[in-house]
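These numbers were taken from a predicted model, which means no experiment stands behind them. First the proteins, then the strands, lettered A, B, ... as listed; each starts at 1. When reading the values below, keep in mind they use all heavy atoms of this one structure, side chains included, and skip hydrogens, waters and symmetry mates.
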There are 2 protein chains.
Amino acid sequence: MAMKALSKATIYQVAQLAGVSIATVSRALRDSDLVTRETRERVQAAAQELQFTPSRPARSLAEGRHAANGIVFPDLVGPYYAEVVLGYEAAAAALGSSVLILATNGRRDPAAAVRELAGRVDGLTVMGRTIGDDVVAGIASTGLPVVLLARDPVEGVDTVRAGNSNTARALAEHLVGHGHRTITFLGDPDGSPDVAGRYAGVRAGSKGAHLTLVRGKGLDLESGRRAAKSLLKDKPDAVVCANDEVALGVLLAAQEAGLRVPEDLAVTGWDDLLAARFAGLTTVRQPMRELGATAARWLNKRINESATATRRADKRINEGPPVARRPDERDESHEENRTAARRRILATEVVIRGSCGAHEEVHP
Amino acid sequence: MAMKALSKATIYQVAQLAGVSIATVSRALRDSDLVTRETRERVQAAAQELQFTPSRPARSLAEGRHAANGIVFPDLVGPYYAEVVLGYEAAAAALGSSVLILATNGRRDPAAAVRELAGRVDGLTVMGRTIGDDVVAGIASTGLPVVLLARDPVEGVDTVRAGNSNTARALAEHLVGHGHRTITFLGDPDGSPDVAGRYAGVRAGSKGAHLTLVRGKGLDLESGRRAAKSLLKDKPDAVVCANDEVALGVLLAAQEAGLRVPEDLAVTGWDDLLAARFAGLTTVRQPMRELGATAARWLNKRINESATATRRADKRINEGPPVARRPDERDESHEENRTAARRRILATEVVIRGSCGAHEEVHP
DNA sequence: TTGAAAGCGCTACCAT
DNA sequence: ATGGTAGCGCTTTCAA
């Protein structure tokens with residue numbers, strides 16, 4: 001009878017138990033077509049018996065790949081990032097890749113943490129508000145496939161994002177159409193590319209109204225509430241917030257100030273959190289999971305591309321005669337045969353609820 | 001001038017560039033005290049120049065550890081898991097460990113996925129509603145440190161969870177105190193240990209009232225709304241829901257049915273989502289991040305313990321004379337010197353808002 | 001179809 | 001203080 005599994009069985013033990021060489025074990029456990037069915041079964045039985053699981057580090061070292069990729073985000077507070085990460089994980093898993101996560105907020109040295117992560121994966125997805133473009137560029141120049149998610153493009157790197165300006169513009173126009181003439185945008189365009197895009201859109205859609213920018217720093221509820229306290233003294237018609245959490249904070253502040261929404265004040269957010277629905281908040285819906293899934297799929301493509309390129313380069317090195325290369329034939333194998341950086345903007349959609357003015361029918 | 005980084009620099013190249021042996025490079029880049037300051041600087045300069053980052057697989061293979069741990073959860077939908085994972089990641093990072101995630105929902109073979117994950121980490125945290133106890137036991141028997149999070153204990157494995165029954169009881173008593181006499185519990189106790197605990201508590205706290213159990217399957221908003229549609233025909237006084245999302249669904253259904261909350265119907269949830277606040281939902285708050293952080297810290301302890309034990313065992317094998325062991329001295333080095341399984345239940349707290357009946361003061 | 005053996009890149013022990 | 005070198009466990013030619 002088999003002993004309880006101890007320590008960790010290696011391929012050598014399996015080989016011994018099955019009476020074959022480790023090479024055969026390796027093949028039997030994967031290639032399969034290069035081994036007799038009988039042998040394979042014997043090996044599999046032995047592996048089973050010893051509860052054998054190949055060592056990941058050993059495999060990775062030999063194969064030269066990790067079979068894992070990573071995603072970097074600021075934090076997981078609020079449903080936005082969580083949904084994105086979830087979509088990412090699901091897509092990556094479907095492609096046979098494990099997922100490493102890294103939250104940069106509250107980290108002493110985010111850049112170092114990301115570099116360390118880069119050494120553990122075959123590819124990396126980096127979201128906005130985490131690390132600088134220089135760090136991203138540095139990592140990408142290593143040949144490590146990188147996909148940018150919800151942040152401004154970096155030369156030569158794929159980027160996936162959700163639409164900001166056009167939808168923001170539509171939102172602002174809607175507000176103006178409601179008769180709002182004094183609009184305040186609450187959020188810091190310099191703090192995040194997304195916010196910048198939203199602000200730009202709101203500006204474009206606010207023709208005919210007076211638009212004020214209030215650079216509220218945080219993107220959480222408390223920041224919104226705090227900013228609103230002073231902001232509301234100016235009696236704006238409408239406050240367009242950088243995201244839902246901030247908008248919910250404004251709602252709270254308005255309530256505390258005795259202001260009615262939307263009669264005295266219109267408020268809008270961005271993200272369509274579950275809470276927005278119950279707060280009757282007009283907002284914008286983003287395809288969060290799809291953002292994550294797209295990033296994961298693109299990354300996978302890039303990883304495959306670069307693997308192919310590398311393999312080809314290796315062959316060339318080993319087989320080719322040692323002639324001097326032509327000067328324009330620089331060794332940038334990971335760049336060759338690489339299509340131009342991909343860009344995609346996923347569509348977003350305004351969700352009208354009560355907070356932006358009276359409507360016949362509002363979204364439930 | 002340094003060339004753009006290509007492929008991947010190895011320790012050999014750094015050694016060559018610095019004019020030392022790879023052993024010295026290895027030391028200079030970590031041990032530091034065993035090398036001259038001058039040498040160290042030279043090596044670091046070379047490493048810098050080549051953009052050298054040690055290969056993780058090679059390191060792991062040589063060291064026999066991954067410097068990473070994993071967490072398994074059903075999904076990231078709703079703030080609950082996201083918060084837990086965030087707390088986990090933060091604590092793990094502080095302990096110098098990378099984090100691998102695995103969402104089991106929508107996975108064809110969760111057990112296999114978890115086993116594969118187990119091969120990539122030094123320890124594993126497993127949450128409820130993911131894989132069976134047998135799989136957990138199987139992995140734990142490997143000697144891999146495991147911590148259970150928000151699920152029923154398994155023999156010999158550490159468990160961290162949030163209080164369910166006591167708080168649920170207090171909640172039920174509060175409802176009864178309000179005069180509610182016909183209470184319905186909406187949720188499936190067999191579907192999750194947490195729900196089971198909550199139901200048990202509600203039962204204990206419903207003395208003097210008539211309690212009905214409706215086994216609503218899902219834990220999402222739509223499931224709650226759907227279940228409520230038929231459930232409300234029985235005109236219950238109060239509906240205690242397994243979690244907030246279900247409760248919010250009930251709120252929606254009640255509204256559609258023209259019922260006023262709390263006048264016609266009291267509703268309570270569990271989790272204190274952001275949305276609960278805006279829906280005025282009475283609920284229970286759990287220390288979600290703390291749950292995750294605790295799991296990460298415990299796991300770290302276990303990993304250190306088992307590393308120590310293994311090291312000791314190795315020494316014994318290499319140095320000790322080949323005498324026969326005493327029969328009671330079985331080779332279970334990963335179990336020896338291991339304290340009994342830890343258990344902890346983190347406190348939860350009832351958050352009273354409007355949905356459970358009129359109050360003078362409600363939680364904002 | 002199978003086995004022997006050369007790495008993969010790094011750590012750590014043993015010399016010097 | 002530094003170098004030489006034996007592994008760590010697996011994959012993958014190259015031979016047989």
What is the distance, to the nearest angstrom, from the CD1 atom on I22(A) to the P atom on dA6(C)? 12 Å
The nucleotide from dT2(D), dT11(C), dT12(D) with an atom nearest the side chain of R30(B) is dT11(C)
Charged N to carboxylate O below 4.0 Å: is that the case for R37(B) and E41(B)? yes
Can you check whether A67(B)'s main-chain N or O pairs, donor with acceptor, with D122(B)'s side chain at less than 3.5 Å? yes
Rounded to whole Å, CG of L61(A) lies from P of dT12(D) at a distance of 12 Å
From V160(A), T130(A), T294(A), residue fulfilling side-chain contact (heavy atoms from CB on, under 4.5 Å) relative to L149(A): V160(A)
Among dC10(C), dT2(D), dT11(D), which is the nearest nucleotide to the side chain of A62(B)? dC10(C)
Closest nucleotide among dA1(D), dG3(C), dT11(D) to the T36(B) side chain: dA1(D)
Between the side chain of S60(A) and the main-chain N/O of R56(A), is any donor-acceptor distance below 3.5 Å? yes
Rounded to the nearest Å, what distance is computed from the CZ atom of residue R40(B) to the P atom of nucleotide dA1(D)? 10 Å
dC14(C) P sits how many Å from L34(B) CG, rounded? 15 Å
With nearest nucleotide decided by heavy atoms, which residue, D33(A) or A23(A), maps closer to the 5′ end of DNA chain C? D33(A)
With a 3.5 Å cut-off and just heavy-atom distances, do the side chain of R56(B) and the base of dG9(C) make a donor-acceptor pair? no
Whole-Å gap separating P (dT1(C)) and CD (E38(A)): 13 Å
Taking the side chain of T24(B) as heavy atoms from C-beta outward, which of dG9(C), dA4(C), dG3(D) is closest to it? dG3(D)
Answer yes or no: does a side-chain N or O of R59(A) lie under 4.0 Å from OP1 or OP2 of dT11(D)? yes
Just N and O in the side chain of S26(A): are any of them under 4.0 Å from OP1 or OP2 of dC10(D)? no
Can you pull out the residues from residues 10-21 of chain B that lie within a 4.0 Å heavy-atom distance of DNA chain C? T10(B), I11(B), Y12(B)
Would you check if there is a donor-acceptor pair between the side chains of S98(A) and R120(B) at a distance under 3.5 Å? yes
Measure CG/L50(B) against P/dC10(C) and give the value in whole Å, please. 11 Å
Taking T36(B) for the side chain and E38(B) for the main chain, is one N or O donor matched with an acceptor at less than 3.5 Å? no
To the nearest angstrom, how far is F52(A) atom CZ from dG9(D) atom P? 10 Å
Under 4.0 angstrom between T39(B) side-chain N/O and dT2(D) OP1 or OP2: yes
Just checking S55(A): base, sugar-phosphate only, or nothing, at a heavy-atom cut-off of under 4.0 Å? sugar-phosphate
Separation of R37(A) atom CZ from dT1(C) atom P, in whole Å? 13 Å
Scan side-chain atoms only and decide if R30(A) and S26(A) contain a donor-acceptor pair under the 3.5 Å cut-off. yes
Just checking R27(B): base, sugar-phosphate only, or nothing, at a heavy-atom cut-off of under 4.0 Å? base
Reckon S60(A) touches a base, only the sugar-phosphate, or nothing at all at heavy-atom distances under 4.0 Å? nothing
Before accepting this row, confirm whether a basic side-chain N of the pair E116(B)/R59(A) lies closer than 4.0 Å to the acidic partner's carboxylate O. no
